[in-house]
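All remarks here apply to the structure that follows.
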Amino acid sequence: MAAPLKSLVTDDKRYQQSFQLFLERSSEHQCMREFIHNILPDILSSIGDGKSHLGVIGVGSGDGEIDLEMLSELCLKHPGVTVDNEVVEPSSQQLHSYRVMVAQISGLDHITFNWNKMTASEFEEHWKEKKMTKKADFVHMIQMLYYVKDPGATISFFQSLLDKNGKLIIILVSGESGWGKLWRTYRNQLCYSEISQCVTTADIKSSLDSQGISYKSYELPSQMDITECFTEGDEKGELLLDFLTEVVDFSNSASPELKAGVLELLRHPDCSVGSNGRVIFNNNLGVIVLDSLS
């Protein structure tokens, strides 16, 4: 029997390498920025209820690049407020990069950064142990629900922390993206029971609908050049394949049948289009906005 495939999240160095290459090859951050600057300000306009101090929680904040852009829009929408920002990020490398960036940027004196080197689940456990009662006006969970055991329960916990008029924003790959097709086809081979990795906005919407929870949603068009994945032995192509499948060294550890099937699907029109000799993967994202329960 073949050895089980090793989840990419268990190898932080390899994960960070593949993630950085993914960002270089995709329009991921570009489409997020368009959302942050064009749509997010209106969403944030109603939070706070006139308060002079706002609470923010960033769950899976990474290196803080996107966080800081959202904080900037928040403060532009609510001039003069002070902000308490809880940063939740399990990667030492990413957290260090975030702290370095904050130290180098002037004009952040009105924001207090609280650094939590932990997963979302650990943060929830810590919060409950300490019997914390403070509320948040804005919680964002960007591209992180793949790495929790129960996405629905995680959403419920963080939504419960919202103060009156608070907003929770979730960004994940869209159910209509190439990721959605890849995961629907190979969920059993590529996904792990202890970490619910193969989750899209379609799954989250279905769960919310079944509970009668209202939300707003947006689609963010995005793409990724995966041409190198189809050159045998290409180092960058193998890194991208690891990121796409969430498997360490997928090219060499997967069975020949699984590898061939995944590569064939990645070329399929349901996942990608051909453009000037390149293979362009559908990396569309979805945004879900939830209101405070109170």
Side-chain angles (χ1 to χ4, degrees), residues 28-49 51 54-78 81 83-89 98 111 113 116 119-120 123-124 127 135-148 151-175 177 179 199-209 211 213-222 283-294:
E28 170 112 349
H29 276 185
Q30 179 186 333
C31 78
M32 282 188 195
R33 285 192 178 94
E34 288 174 2
F35 170 79
I36 288 167
H37 299 306
N38 298 328
I39 299 172
L40 183 63
D42 285 343
I43 295 170
L44 296 179
S45 63
S46 62
I47 74 168
D49 209 23
K51 293 190 299 187
L54 299 177
V56 176
I57 303 176
V59 190
S61 289
D63 66 3
E65 188 178 339
I66 297 296
D67 277 33
L68 290 174
E69 294 202 28
M70 289 191 288
L71 287 169
S72 174
E73 290 295 343
L74 175 68
C75 294
L76 282 172
K77 208 68 188 174
H78 300 273
V81 300
V83 176
D84 184 72
N85 184 38
E86 296 283 351
V87 178
V88 183
E89 171 56 49
Y98 194 157
I111 303 175
F113 291 88
N116 301 278
T119 63
F123 181 81
E124 179 177 347
W127 197 270
K135 294 287 189 176
D137 300 289
F138 176 39
V139 178
H140 53 84
M141 312 168 76
I142 297 180
Q143 294 287 48
M144 55 69 60
L145 283 173
Y146 319 110
Y147 311 116
V148 299
T154 300
I155 291 168
S156 293
F157 168 70
F158 283 100
Q159 188 179 18
S160 76
L161 301 185
L162 292 176
D163 206 352
K164 183 185 176 185
N165 295 338
K167 299 287 184 183
L168 168 61
I169 289 186
I170 298 162
I171 300 182
L172 283 174
V173 294
S174 167
S177 67
W179 297 96
V199 61
T200 70
T201 51
D203 300 311
I204 302 302
K205 288 177 185 178
S206 176
S207 173
L208 294 171
D209 287 341
Q211 299 172 73
I213 298 173
S214 62
Y215 59 86
K216 285 187 177 177
S217 65
Y218 305 84
E219 289 287 311
L220 310 182
S222 176
N283 185 56
N284 287 4
L285 302 180
V287 181
I288 296 172
V289 182
L290 293 166
D291 292 322
S292 167
L293 293 168
S294 56

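From a predicted model like this one, the values you see are computed outputs, not experimental measurements.
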Please tell me if the side chains of [X] and [Y] come closer than 4.5 Å, counting only heavy atoms from C-beta onward.
X	Y	value
I169	L40	yes
P151	I204	yes
I288	L208	yes
I66	H140	no
E69	M32	no
C31	L285	yes
F138	V83	no

Nearest 0.5 Å, please: how far is [atom2] in [Y] from [atom1] in [X]?
X	Y	atom1	atom2	answer
L68	C75	CG	SG	10.5 Å
L168	Q159	CG	CD	6.5 Å
I213	L290	CD1	CG	7.0 Å
I155	S160	CD1	OG	12.0 Å
I142	L172	CD1	CG	10.5 Å

Handout entry: Donor-acceptor contact present, side-chain S292 to main-chain D163, <3.5 Å
Key =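 Confirmed, S292 side chain pairs with D163 backbone.
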Problem - Expected output: side-chain D203 to main-chain T200 donor-acceptor under 3.5 Å - result: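 Yes.
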Exercise for the section: Report the C-alpha distance between M70 and V56 in whole Å, list the side-chain angles of each, state the deciding distance to 0.1 Å, and finish with yes or no for side chain to side chain contact (heavy atoms under 4.5 Å, CB included). Expected result: CA-CA 10 Å; M70 289 191 288; V56 176; over 6 Å; no
Measure across [X] and [Y] and return the closest heavy-atom pair with its distance rounded to 0.1 Å.
X	Y	answer
G60	E89	C-OE1, 3.5 Å
G175	T201	N-OG1, 3.4 Å
D67	G58	OD2-CA, 4.3 Å
H78	I47	CE1-O, 3.2 Å
V148	A120	CG1-CB, 4.2 Å
S177	N284	CB-O, 3.5 Å

Exercise for the section: I would like to know whether L71 and F113 meet side chain to side chain contact (heavy atoms under 4.5 Å, CB included); could you show each step before the answer? Expected result: CA-CA 11 Å; L71 287 169; F113 291 88; 4.1 Å; yes
Exercise for the section: State, without any angle test, whether N283 and S222 hold a side-chain donor-acceptor pair at a distance under 3.5 Å. Expected result: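 Judged by distance alone, the side chains do pair up.
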Practice task
Begin with the C-alpha distance, continue with both residues' side-chain angles, and end with the deciding distance and a verdict on side chain to side chain contact (heavy atoms under 4.5 Å, CB included) for I43 and Y218.
Solution key: CA-CA 12 Å; I43 295 170; Y218 305 84; 4.0 Å; yes
Practice task
Run the salt-bridge test on R33 and E73 with the 4.0 Å N-O cut-off and return the result as yes or no.
Solution key: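 Judged by the 4.0 Å cut-off on N to carboxylate O distance, R33 and E73 do not form a salt bridge.
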Handout entry: Residues which pass salt bridge (Lys or Arg N to Asp or Glu O under 4.0 Å) with D84, listed by chain and number, not counting sequence neighbours
Key =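 D84 satisfies salt bridge (Lys or Arg N to Asp or Glu O under 4.0 Å) with K134 only.
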Practice task
Quick one: list whatever passes salt bridge (Lys or Arg N to Asp or Glu O under 4.0 Å) with K216, sequence neighbours left out.
Solution key: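 Salt bridge (Lys or Arg N to Asp or Glu O under 4.0 Å) list for K216, sorted by chain: empty.
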Problem - K164 and its salt bridge (Lys or Arg N to Asp or Glu O under 4.0 Å) partner, picked from D49, D291, D137 - result: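 It is D49, the one option of D49, D291, D137 that forms the salt bridge (Lys or Arg N to Asp or Glu O under 4.0 Å) with K164.
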Practice task
Take E86 and N116, measure what side chain to side chain contact (heavy atoms under 4.5 Å, CB included) needs, and give me the verdict at the end.
Solution key: CA-CA 7 Å; E86 296 283 351; N116 301 278; 2.8 Å; yes
Handout entry: CA sep, side-chain torsions, deciding dist, call: S174, E219, side-chain hydrogen bond (donor to acceptor under 3.5 Å, both in side chains)
Key = CA-CA 7 Å; S174 167; E219 289 287 311; 2.9 Å; yes
Practice task
Please work out whether the ring planes of F158 and F123 are parallel, tilted or perpendicular, with thresholds of 30° and 60°.
Solution key: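 If you compare the ring of F158 with that of F123, the planes turn out parallel.
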